[in-house]
Amino acid sequence: MNETIEQESGNFQPRILTFACNWCSYAGADLAGVSRFQYPPSIRIIRVMCSGRIHPEMILEGFARGADGVLVTGCHIGDCHYIKGNQYTKARMELVPDLLEGIGIDSKRFKLDWVSASEGKRFSEVITSFTARVKELGPNQLKLSNY
Amino acid sequence: MVEARSKSIDSTKPSSKLVGEVLVVGVGVAGIQASLDLTRLGYHVTAIDKSMTIGGIMAQLDKTFPTNDCSLCILAPKMVEVYRDPNITLYQNTELKEIEFLANGNLKVTLEKKRLGIDEEACKNCSECYNACPVRFQEDISWFDAGLNMRHAANIPFPSAVPPVYGIDPDKCLHVNFGICGKCQDICPANCIDFDFTSQIIEITVGSILFATGSTQMDPSMFPTLAGEHPDVLNGIQFERLMCASGPEGGEIIKLSTRQHAHRIAFLQCVGSRSKKEGELEFCSSVCCMYAMKEAQITKEHDPDVECMIFNTENRACAKGFHEYYLRAKDDYGVKFMQGRVASVKEDLGSQDLIIAYEDIRTGKVKEEPVDLVILETALVPNTKPMADILGIELNEHHYFDPGTVDSLQQKGIFLAGYNIKPMDIPLSVVSGSAAAAQIARRLSKSRFDRIVEKEFPPEKNIRQGDEPRIGIMVCHCGINIGRTVDVEWIAEEIQKEPNVVVAIHNYYSCSSDSQVTLKEMIREHDLNRFIVASCTPRTHEPLFRVTLQEAGLNPYLFELVNIREHVSWVHMQEPELATQKALELLKMNVAKVRGLQPQQRKKIDIKKTVLIIGGGPAGLHAAWNLAKQGFAVHLVEKEGTLGGAVNKISREFVLPRERAILEKLDALLGEIRNEDNISLHMNAHVDEVSGFVGNYNVTIVESSSEEAEVEVGAIIVATGAVQDPTTENVAGGNVPRVYTQEEFEKLIEDRTAGSFKKVVFIQCTNQRDDGNMSSDFPNCSGICCKISLKQAMMLHEADPSIQITILHRGMQLSGDINAESLFDDVQRFAAIARYSPDNYPSIEHDGENIAISLDEVNTGMALRVEADAVVLATPFRSISNTKDLAMKLKVPVTHDGYFLEAHVKLRPVDFATEGIFLAGSAQWPKTLDDAVMQGLAAAGRAAGLLAKGFVEVEGITARVDEEACIGCGKCAEVCPYSAIEMIERDLTIDMVHITVPKAHVMDAMCKGCGTCVGECPTHAIDQRHFKTSQISDMIKALFPVPGEDVACRRLAP
Ligand code: FES
C-alpha cells in the first residue's frame, strides 16, 4: 500500500521512527489528538516509559532498516517523571549526529525535542516541521537489507 | 446475573456501630464516581438506578466539551468497573421506597426492584429476543435514544448497557397482553425468558445514603411557540443521539420529517431556563452554552458546509479553557453566534420549512429565516422530587433543598451529589461524587473494610517456554471516531495475515462491557495467550483491558493497546488512506512487540498514611479536616502566617445569605484546626524539595525561611489557590487613583472606606476573555468575577442606598449558581447596567480628580459616558506566582495560562497524571467558595482512597541484569535516579582460580521502571521487563520489513 501511494501521487511520504516517553511527549501527542491538531501521517511512535530508556543503537537500527528520519522526544529538562532520565537522554543523543555522519547519514534526519503533556499544539508543530525537513532531504538511501 | 453478585437480602444484625455499607441512588457519572471511590475507601456499596442501565445522561451524549472526547468511550470503562467491582451490588430497574432512621444512626432502606420478564442471572445479552420480537413502537423521550428510535417489546437501552441484560416492556408485549406470540421465549438460547414481572422488595441497613439522581431535560413539546412538537425541533439530548454514530440514524444529521440532510441548524439557548414563567426554571442550567457549541462543532466536523447558528443573550463559557473553546467554534469552525433570543418558530405550510423569527440586535428589526433543524437547549430540571417525597422535606422554589436542610441531612447520614446539589457539568459532578465519598468515609471511618471482599481472579494460565504466541486482535471503530478516517475492516483483515495472529475482529466500542465479554470469549475459544486492542490511548484505557485479561486467566501484561485514535484518526482527518496505512503499520509493530511479551508480577509497596497539603485556603482546610477526621495524619503547609487563604479576603461585614453558611463553617474550622491532633501546621512555610514516589514521598518544608522540616508522606494535595491580577495601569492608561481590582475593593468595603464613594463603576472582563483583540495574555474567563461584582454591588447598596452603581459588562457569566440570576435581577433594580462589545473595551479618562468612562452600549447602540469616583475592575485571577516552580518540583504539568493541569479534564478533575498527587480549589481554575470546598473534599477522598489499604501496587516493569553479560562497569548504578542498583561481588572460578567480580544488581522494590539504566549499558547486560531491547528492535524490524525475513515466533523467548 505504501508503494502504491508513493507512486500514484509521485509524492514522497517519509516514515519517521519516533520514540516518546509515556508521561510527557506521548501525552502531548494524545492532547494533539484530542484537540484535533492535524499533522502529517509520517511518524510511527514507539512508547517507552522514559526517554532515558532509549539507547543510541536503537536509532542506528532505525536508520539501517530504512527510516527516513528518527525523532526522540521526552519531557522538558527538569520535568522528567523519573527526575533526571532525560538528562542522560540529552547527553547520549549529543553523540548521535557524529555517529550518523560516520556511517554516511545526514544528521539532519535525526532530531531530539522536548514536548510536555500540555503541549498538544507544539507536538503537532514539531512533527510538521521535522517532516518537512525530512521530506526535503528525500528518502533514506541507506537501507541495509540484512541489518 | 446481577443478583448473583449481591448478597441479595440483607442479614445485618442490629449493632451499635454505623455499618460500612452505603446506598447510592442514581448511577450516572456522579454516582459512578462516588461508588468507585467508596469501595476504594473501604465501604461496600449498593447502587440502584431506576432505569435498565447505569451511565445516566453522560452515556447518551455523543461527545463531551472541551476536548470533544467521545462520551461513551471515556465513561464505558468506569461503567464496566462498577459492574465488575465485587464490592458494589448493582440493582437496575430499582427505586428507593422508604428510609427508616434507626436509633444507632444507621438507615434501614426498602428498595423495590422490578423484574422485566427475564431471568437476569441467565441472560447472556445475545439479542435473540430483541431480533425475534415482532412488536415495534416509537420509544418515548425518556428512553435512551430520546424518542427518536423504534423499540421492540424485548429490548436493551443500548448494546453496551450495564448490566448487559435485556428486559421486556409488559405494556407492549403481545404475550403478556393477549397470551399470544412468545417468540422470544421460544428462541432464547439461555432459556431466560420467564414473563415474571413481579417486584422484589429488598431491605438493607446502611450507614449512609447518597442521592445522585441527576436531571431531566425538558421535553421540547412543552414549547408550542417554538414549534416544539415538530419532528425537526429537538432538544439537546435528542440532537446528541441524532449526531451519534451509534444513534438511531448512524450519525447522519438529517431532518426527520423528510430524511434529507440538514443544511441550516439553529440552536436556541435558555429555553425554559432563566425564566420567571410558571413551570420554567429561574436559574441557568450551566452547561447548555458549552454543549451547544460542541454540537455545532461536531456538526461542522460531519459537514463543514452546514450552517450552525447559536442564539443566546450571552455565551457562558467560563471554566478552564472554555473561552478558547468558544473562539475555536467561532473562528476555526465558523459557527455563527447570534446575540438575542428567538421569539418564535413556525412551520411554513407551503415549503414545510421551519421559520425562525428573531430580533437582529444591530438593526433592531425582526428577521425571519428558514432553517432545517431547530435545537432547543431546554432547561435541565433536577430530579429531586422523589428524594424530597421520601424524606418528607419541602423543596425550595428552585427545586432544591435549602443549605440548612442539606446540613441537617448530612448529620443523619444523607448526602447529595451531581445535579442534586446545583446545576453542574460533568467534571464538577465527578468532583461532587468524590467529595460525597470523602464525607461518607469520614462518617463511617470506624467501619472501614468491615464489609469489603477482595476481587478474585481465576488462576493464571501458565505461559511456558516453548509455547507459541497466539495473538488475538480487536480493532475498534470507536463509533465513527476511528472508523470515519481509518478503514478498520480492511485493517482487521490485513493484520490477520501476520504470523502468530490467530484471530482479528473489528467492533464498534471495544471498551464497552459486551466487548469485554467478547474479548474473554475470543481468548477462550482460540486459546490465545496475547491480546492487542487497537483503539485509543493506553494512558486511559489500558487498565480496563488488563483486568479483562485477568478475568480470562491471562497475566495482565500479555496485552498491548495500539493508539489509532489520538495518534491517527484524530490527527490525520483529511488523509484517510495514509492514516489507514499508518494504523496498520502501528499494529504490525505491536504484533512484533507482543510476540515477546511475558507475564510480569506487580509488587506491593508499603506506604505512609500521611498526606501533605500545600495551601491553607478553603480547599486545603476542608481537605485537611476531612482527612484528619478519617484518621490520616496531615501536614498542612501555608505560606502566610495565618490560615484561610482567599477566605481572609472576603468581607464578613456584609455577607450574602448563600455564602454565610460556608463562611461560618470555614471560620469554625479555622478555630478548631489547631487543636486537631492529626494535623501538623507549617506556617510561613513553603515546600522546598520533593523526592520519592506514590506512597512514599520525602518532602522538605522550609518554615519562616530558616527552619527545615523533613516529612514523609504517601500523598500530596496541591491547593495553592489563585489571586487577582493587580495590574490595572495598562487599562486605565497610567496609574489612575481610585481604580481598584475586586480584591482591593473588597478590602475597602471591609474597612468601610468604600462607603465614602458616591459613584462606583464596575467594569467586567478586564484584560481577560480575549477575543483576539486585546493584548491580554489571559485568553479565558476567570469565571467568578461577575458574581463577585454583583455581590459587591449589593453590599454597597445595602450600606448606603444613595451610592450610584453602574456595571459595565459583556455578557454576565452567572452559571453554576441557582441564586445568581435573581441576585442580578435585584441588582438591576438599583444599579445601571450597560453592555459593551468585546472589541470595544470602555475607555477610562481622568483629570487627576474625576474619572469618566465612555463606551458604546451594545443593546441601545448609544455612546455613553459615566462618571465615577471609584472604578472596580474584574481583572483575571491567576494561579499563584510560584506555580511553575512547584509544578517542576512535583513533576506535574501546567497549562499555557499558568494553571495546574489535571489528569483528565472530564473524568479525573482532582487527580494529576502522576499517581499520589492531587489538585484542589482555585489552583485548578478560579472557584467560588462552594466549589473550592467541594474540590478540597474530593481531593481528600481520592487521597484517602489511595492510602486506605496501607499499600500500593506498582508496575512490574522493573530492570533486570544478565550477570554473564555484565562487565561490572557500574554505569547503570550511576544513572539510576532512585539508587535502585547496587554493585555486588560475585565469586568466579576461571581455570581453578577464584576471583571476585563486581556485578550490577537491581533492588526490585526501589526500581520505578524508567529504563534509564538500559539506555546506558554498553553491553546490553541490563534490560527492562515489558520494554525489552529485543522487543523494541522487533518493532523497528516490523516497521521496516525486509522481504523474506522470518518474523514468526514459534516459541517464546525465555
Ligand atoms: S519521563 Fe519523560 S523523559 Fe523521563
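To find a chain, count down the sequence lines: A is the first, B the second, and so on, and within it residues start at 1.
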Among [options], which residue forms the greatest number of heavy-atom pairs with chain A at distances under 4.5 Å?
{"options": "Arg328(B), Lys889(B), His1020(B)", "result": "His1020(B)"}
{"options": "Glu301(B), Glu1016(B), Lys1008(B)", "result": "Glu1016(B)"}
{"options": "Val1014(B), Ile957(B), Val894(B)", "result": "Val1014(B)"}
{"options": "Pro538(B), Cys976(B), Ala579(B), Cys1017(B)", "result": "Pro538(B)"}
{"options": "Cys1010(B), Ser691(B), Ser1033(B), Gly1011(B)", "result": "Cys1010(B)"}

Give, as side chain, backbone, both or neither, the part of [X] having an atom under 4.5 angstrom from any heavy atom of chain B.
{"X": "Ile54(A)", "answer": "backbone"}
{"X": "Asn22(A)", "answer": "both"}
{"X": "Cys80(A)", "answer": "backbone"}
{"X": "Tyr82(A)", "answer": "both"}
{"X": "Pro40(A)", "answer": "backbone"}
{"X": "Tyr26(A)", "answer": "both"}
{"X": "Arg92(A)", "answer": "side chain"}

Go through the atoms of [X] and report whether side chain, backbone, both or neither lie under 4.5 Å from a heavy atom of chain A.
{"X": "Asp332(B)", "value": "neither"}
{"X": "Glu494(B)", "value": "neither"}
{"X": "Glu324(B)", "value": "neither"}
{"X": "Thr1029(B)", "value": "both"}
{"X": "Cys536(B)", "value": "neither"}
{"X": "Met573(B)", "value": "both"}
{"X": "Leu890(B)", "value": "neither"}
{"X": "His1026(B)", "value": "neither"}
{"X": "Val568(B)", "value": "neither"}

Would you say [X] and [Y] make side-chain contact, with heavy atoms under 4.5 Å?
{"X": "Leu584(B)", "Y": "Ile495(B)", "answer": "yes"}
{"X": "Leu586(B)", "Y": "Leu1039(B)", "answer": "no"}
{"X": "Cys75(A)", "Y": "Ser51(A)", "answer": "no"}
{"X": "Leu100(A)", "Y": "Phe63(A)", "answer": "yes"}

Considering all heavy atoms, the nearest Tyr697(B)-Gly916(B) contact =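 In terms of heavy atoms, the two residues are closest at CE1-O, 4.1 Å.
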key: Donor + acceptor pair across side chains of Gln924(B), Glu902(B) (<3.5 Å)   =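 The criterion, which ignores hydrogens and geometry beyond distance, is satisfied for Glu902(B) and Gln924(B).
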key: Under 3.5 Å side-chain donor-acceptor pair for Tyr39(A) and Glu125(A)   =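 Looking only at side-chain atoms, Glu125(A) and Tyr39(A) do not form any donor-acceptor pair under 3.5 Å.
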key: From Arg960(B) atom CZ to Asp1023(B) atom CG, the distance as rounded to the nearest 0.5 Å   =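 So the CZ of Arg960(B) and the CG of Asp1023(B) are separated by 7.0 Å.
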key: Mutual orientation of the aromatic rings belonging to Phe693(B) and Tyr978(B) [parallel < 30°, tilted 30-60°, perpendicular > 60°]   =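 Perpendicular, since the angle between the ring planes exceeds 60°.
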message = Please enumerate all residues that pass salt bridge (Lys or Arg N to Asp or Glu O under 4.0 Å) together with Glu119(A), with sequence neighbours excluded.
response =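 Listed in chain order: Arg122(A).
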query = Taking the side chain from Arg36(A) and the backbone from Val34(A), do they hold a donor-acceptor pair closer than 3.5 Å?
reply =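 Such a contact is found between Arg36(A) side chain and Val34(A) backbone.
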query = So, the side chain of His567(B) versus the backbone of Gly33(A): is there a donor-acceptor pair under 3.5 Å, distance only?
reply =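 Between the backbone of Gly33(A) and the side chain of His567(B) there is no qualifying donor-acceptor contact (under 3.5 Å).
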task = Decide if atom NZ of Lys135(A) counts as having more than 12 heavy atoms of other residues, nucleotides or ligands within a radius under 6.0 Å.
result =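 Enclosed: over 12 neighbouring heavy atoms sit under 6.0 Å from NZ of Lys135(A).
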query = Within 45° of the ring axis of Phe1027(B) and under 6.0 Å from its six-membered ring centre, is that where the NZ or CZ of Lys593(B) lies?
reply =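 Verdict for Phe1027(B): a cation-pi partner in Lys593(B).
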query = If you draw the axis of the six-membered ring of Phe65(B), does the NZ or CZ of Lys906(B) fall within 45° of it and under 6.0 Å from the ring centre?
reply =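 Flagged: Lys906(B) positioned over aromatic ring of Phe65(B).
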key: Lys1037(B)/Glu61(A) salt bridge by N-O under 4.0 Å criterion   =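 Answer for the salt bridge query: yes.
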inquiry  = Under a 4.5 Å cutoff for heavy-atom pairs, which residue among Ala27(A), Cys24(A), Ala32(A), Ala117(A) has the most contacts with chain B?
reply    =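 Heavy-atom pair counts peak at Ala27(A).
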ask   = Are there residues of residues 42-50 of chain A that reach to under 4.5 Å of chain B by heavy atoms, and which ones?
value =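 Heavy-atom contacts from residues 42-50 of chain A to chain B are Ile43(A), Arg44(A), Ile45(A), Ile46(A), Arg47(A), Val48(A), Met49(A), Cys50(A).
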query = Only one of Asp68(A), Ile105(A), Asp106(A) clears side chain to side chain contact (heavy atoms under 4.5 Å, CB included) with Leu137(A); which?
reply =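 The passing option is Asp106(A).
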